[in-house]
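Because the structure is a prediction, the values reported are computed rather than measured. Nothing fancy with the numbering, it's 1 onward along the sequence.
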Amino acid sequence: MTTLSRPPADPSAPRPGGMASLRTWLLFGLQDSKGTHQGPGAVGDAHLKKHSWWQVMCLTGVDYFSSLGYAPAIAVLAAGVISPIATLVLVGLTLLGALPVYHRVAGESPRGEGSIAMLERLMPRWTGKLFVLVLLGFAATDFMITMTLSAADATAHLIQNPIAPNWLQGQNVAVTLFLLALLAAVFLRGFKEAIGVAVTLVVVYLSLNVVLVLVTMAEVLSHPVAVTNWWAALSASHGNPLLVVGIALLVFPKLALGMSGFETGVAVMPQIKGAPGDTEEKPLARIKGARRLLTSAAVIMSSFLLATSFITVVLIPEKEFQPDGQANGRALAFLAHEYLGVGFGTVYDLSTITILWFAGASAMAGLLNLVPRYLPRYGMAPEWAKAVRPLVLVFTLIGFLITFLFNADVDAQGGAYATGVLVLMTSAAVAVTLSARRFRERKRTIGFGVIAVVFLYTTVANMFERPEGIRIAAIFIVGIIVISLLSRIRRSFELHATHVHLDRQALEFMSNALDGPLAIISHEPRRITAEAYREKLTSAIEVSHLPLDQQALFLEVIVDDSSDFETALEVHGVVRHGYQILEVHGPVIPNTIASVLLHIRDVTGLMPHIYFRWTEGNPVINLLKFLFLGEGEIAPVTREVLREAEPDVTRRPWVHVG
């Protein structure tokens, strides 16, 4: 026996118009609002295929390892002859700082939430959500610049290849836009088998780099005069060893591009295969695999960074690193052509172009998972933001704009990229420090605190050195906050409840009103004296004409966190001073009342009548209280929420105000 997922189409039915078809196509997969769409970092369901940790490492590696395409050249531009020493500082902080931090992050966010979720739990209410929005701005900076910078560097490798056609010269912006558009097309079409593609790309790219490093290192050893010249230049310009170390520490923030990939490594944790004994609360095998992933990626990348920083500064003339030089943004590709010939160099260029382009795919997938994870849950995203395709178009247009503004220049985008990476790493270090302090782990608190201070210094130094990074991040932050708050205001009159549950006592309270409407009086939970209930009931009878012979229920909404949006409502029946009361906790009083009334109507078949008093005070102030504190103009807002939720006036619960 077979079943159809949808009824067969009626050939005689008119086809939807152009705009309707476009809307249907754009909003396809709207149910994937929780990140279940295909792609790197997607939150997979239990039945979806999982992968070994090393395969998922390759998925992270298309972003992390691809920075070899431009990191050595940027290191020489930033540090000059001391770039190997500065790179050694970078590697030390990677292995002794970032790696322990993200080991802890992986243990505390096994579902891929990352350090942002850890800080969200530590900072509740509006403060925490605004802080998360700021971090999302920096994360957007990181991922967007990853896309544009990687595409720009892929373009540089393509155009500067000796066998590239002459008409490509000077077309960096056009080629970069084409690569970004091609990336968007992949996601608009669908993104499947990402890990299989990533494994192939990473294996080929790293293998080519191993060959390149071995050949060029042999060249260095066979011509010791090159090393002697480098050492002489280092001694002449920086004779004091302590001065060399000090300068290496000062220029280290410029090399932070070589530390990308840790946040992505945590985000893709749900793709890692667990063990039969794993539970959703304690997926120990998944956590162990994620830590292996992070460690292996860090060790591999650190080894390549140390080797390539040395061979590039020794073998490549300084003038070639300048903006018009052949090694600008492509130092290793320059060496591949110089020492292994045009054939190997072209293959290396193609491999580099592909992995740099696919690094943008990893960044795009990260954005598509990050935005739906937080903003819809906060009520801070439009409905279309739950669909993949509209977000892909938005991110692509932003990528086009960034490419135009930076003229597809790799060096010009380095500061913005480093800012996003370093802020996320600093937030992760702060999060694990606070976590260790909460668990009273004194030594780890001190250790993580020191790492956090180092990352904080690096971040601030990078912002002063490359202020364009914080400017771009500020644009993303302001944009996210403004759009989020406007969306929250626009969605303020929606039902927020994910589900409503009435306990047994609450249902028994309504069993006496099976033959008529159900009268419910809205009551403030702060006034719980017998006199307060008696006065409220008398007022409803006299002012709102509540029938005298009808048993009335009181409904009390206790506001816990007014910044929450999607919540589950548990309605408890309690008796206080002889009065029957329905008690429920919720983020916003009017929306919670509306959800409870509609649920009562559906469960009991009775039409609820809710009785309010008019709210005292300035209407504008009361409206602001509603938007940010969950209270204020209760009666009219409850009626508006009910009107939007139930268009049929005959099925809409009644609202009485007196």
As an exercise, state the distance from [atom1] of [X] to [atom2] of [Y], rounded to the nearest 0.5 Å.
{"X": "Leu88", "Y": "Leu305", "atom1": "CG", "atom2": "CG", "value": "11.0 Å"}
{"X": "Leu424", "Y": "Asp142", "atom1": "CG", "atom2": "CG", "value": "5.5 Å"}
{"X": "Leu177", "Y": "Asn172", "atom1": "CG", "atom2": "CG", "value": "10.5 Å"}
{"X": "Ile287", "Y": "His103", "atom1": "CD1", "atom2": "NE2", "value": "12.0 Å"}
{"X": "Ile353", "Y": "Leu158", "atom1": "CD1", "atom2": "CG", "value": "4.5 Å"}
{"X": "Ile300", "Y": "Asn209", "atom1": "CD1", "atom2": "CG", "value": "11.5 Å"}

Nearest atoms (heavy-atom pairs only) where [X] meets [Y]:
{"X": "Val392", "Y": "Ala184", "value": "CG1-O, 3.8 Å"}
{"X": "Cys58", "Y": "Val199", "value": "CB-CA, 3.7 Å"}
{"X": "Val213", "Y": "Ala307", "value": "CG1-CB, 3.9 Å"}
{"X": "Met118", "Y": "Ser435", "value": "CE-CB, 4.2 Å"}
{"X": "Met57", "Y": "Ala297", "value": "SD-N, 3.7 Å"}
{"X": "Thr426", "Y": "Phe455", "value": "OG1-O, 3.3 Å"}

Are the side chain of [X] and the backbone of [Y] linked by a donor-acceptor contact shorter than 3.5 Å?
{"X": "Thr295", "Y": "Arg292", "result": "no"}
{"X": "Thr433", "Y": "Phe448", "result": "yes"}
{"X": "Trp357", "Y": "Leu179", "result": "yes"}
{"X": "Ser67", "Y": "Asp63", "result": "no"}
{"X": "Ser66", "Y": "Val62", "result": "yes"}
{"X": "Asp153", "Y": "Leu149", "result": "no"}

How about [X] and [Y]: do any of their side-chain heavy atoms sit closer than 4.5 Å?
{"X": "Thr148", "Y": "Thr176", "value": "no"}
{"X": "Ile477", "Y": "Thr141", "value": "no"}
{"X": "Val432", "Y": "Tyr102", "value": "no"}
{"X": "Leu401", "Y": "Met144", "value": "no"}
{"X": "Val105", "Y": "Phe262", "value": "no"}
{"X": "Thr312", "Y": "Leu332", "value": "yes"}
{"X": "Phe439", "Y": "Thr445", "value": "no"}
{"X": "Arg471", "Y": "Ile475", "value": "no"}

**Residue pair Thr94, Ser302: steps toward the side-chain hydrogen bond (donor to acceptor under 3.5 Å, both in side chains) verdict** = CA-CA 8 Å; Thr94 298; Ser302 297; 4.9 Å; no
**Message:** Quick test of your reading: applying salt bridge (Lys or Arg N to Asp or Glu O under 4.0 Å), list the pairs with at least one residue in residues 419-439, sequence neighbours left out, ordered by first then second residue.
**Reply:** none
**Asked** Listed by chain and number, what are the side chain to side chain contact (heavy atoms under 4.5 Å, CB included) partners of Ser309, not counting sequence neighbours?
**Response** Pro84, Thr87
**Message:** Is there a side-chain contact (heavy atoms from CB on, under 4.5 Å) between Lys273 and Val56? Walk through the geometry before answering.
**Reply:** CA-CA 9 Å; Lys273 186 187 302 181; Val56 182; over 6 Å; no
**Asked** Between Val454 and Leu93, is a side-chain contact (heavy atoms from CB on, under 4.5 Å) present by the stated rule, with each step listed?
**Response** CA-CA 9 Å; Val454 173; Leu93 186 56; 3.8 Å; yes
**Asked** Hey, mind stepping through Thr396 and Leu183 against side-chain contact (heavy atoms from CB on, under 4.5 Å) and telling me if it holds?
**Response** CA-CA 9 Å; Thr396 303; Leu183 180 67; over 6 Å; no
**Request:** Determine, stepwise, if the pair Phe138 / Ile470 fulfils side-chain contact (heavy atoms from CB on, under 4.5 Å).
**Result:** CA-CA 9 Å; Phe138 284 110; Ile470 191 63; 3.8 Å; yes
